[in-house]
Amino acid sequence: MNYTIAIFPSEQVQQEANSYRKRYDSAYALIKPHMKVRQPFTLNEEDLIDAVSELKRIARETAPFSYKIEKVSTFAPAHNTLYFKVTPSEQLKTLHEKLYHGFFEGEKEYAFVPHITIAQNLSSGEYGDLYGTLKLKQFQYEEQAEQFHLLEQQADDKWIVKETFTLGEE
């Protein structure tokens, strides 16, 4: 099974993201707005128990933290993807690093660019129009991360929450 680890933003940010995702994100029906802190990985049933145990330890050792969203950015020219750019705090970077060590040791396919996708797989015309509009808008959110989630990909490609981990909880 495929898994990933993500933080869900507040309802306010999810509503704002979904206002664009409904029309511009081909993954809209597959997953709700999120910030991945670990890229997708594969686990078998036997390893899942150990993974959950390790994620509980990481959550216990990580205090809740805040992060900011201040603008829309893009992965262009690599991808016509637009996202809410998350300003990476030290706590967020540390959580990300913990999710690539020990049990979760693995090579990072990409540099960590914390974000919440709002549009992807756009044509060049859609991308240019939408980015031209959104880069002029102000987005100011200060979010509090108190949990992260282990998400599991289903046979229909939808991602569901397999387990939730509360930061700093004994």
key: Basic-acidic side-chain contact under 4.0 Å: Lys108, Glu97   = yes

ask   = Does a donor on one side chain and an acceptor on the other come within less than 3.5 Å for Ser10 and Glu143?
value = yes

inquiry  = Assess the residue pair Ser66 and Gln144 against the criterion (side-chain hydrogen bond (donor to acceptor under 3.5 Å, both in side chains)); give the C-alpha distance rounded to whole Å, side-chain angles, the decisive distance to 0.1 Å, and a yes or no.
reply    = CA-CA 4 Å; Ser66 61; Gln144 182 73 17; 4.6 Å; no

query = Got Ile7 and Leu95 here, is their nearest side-chain heavy-atom distance under 4.5 Å?
reply = yes

remark   = Sequence neighbours excluded, the answer for ring-ring contact (aromatic ring centres under 6.0 Å, His included) partners of Phe41 is Phe104

ask   = With Tyr67, which residues qualify under ring-ring contact (aromatic ring centres under 6.0 Å, His included), at least two apart?
value = none

message = Quick test of your reading: applying salt bridge (charged side-chain N to carboxylate O under 4.0 Å, His left out), list the pairs with at least one residue in residues 73-91, sequence neighbours left out, ordered by first then second residue.
response = Glu90-Lys93

request  = Applying side-chain hydrogen bond (donor to acceptor under 3.5 Å, both in side chains), run through Thr74 and Tyr127 and close with a yes or a no.
outcome  = CA-CA 10 Å; Thr74 178; Tyr127 168 79; 3.0 Å; yes

key: Under the ring-ring contact (aromatic ring centres under 6.0 Å, His included) test, residues paired with Tyr28 that sit two or more places apart   = none

inquiry  = Check the orientation of Phe139 and Phe84. Use parallel for under 30°, tilted for 30 to 60°, and perpendicular for over 60°.
reply    = tilted

message = Suppose clustering is done on Ile, Leu, Val, Met, Phe, Trp and Tyr with side-chain heavy atoms closer than 4.5 Å. Which residues sit in the same group as Leu151?
response = Phe8, Ile31, Trp159, Val161

task = Test side-chain hydrogen bond (donor to acceptor under 3.5 Å, both in side chains) on Glu152 and Gln154 and set out the steps.
result = CA-CA 6 Å; Glu152 181 181 87; Gln154 303 296 288; 3.0 Å; yes

request  = With sequence neighbours excluded, tell me which residues meet ring-ring contact (aromatic ring centres under 6.0 Å, His included) with Tyr83.
outcome  = Phe75, His115

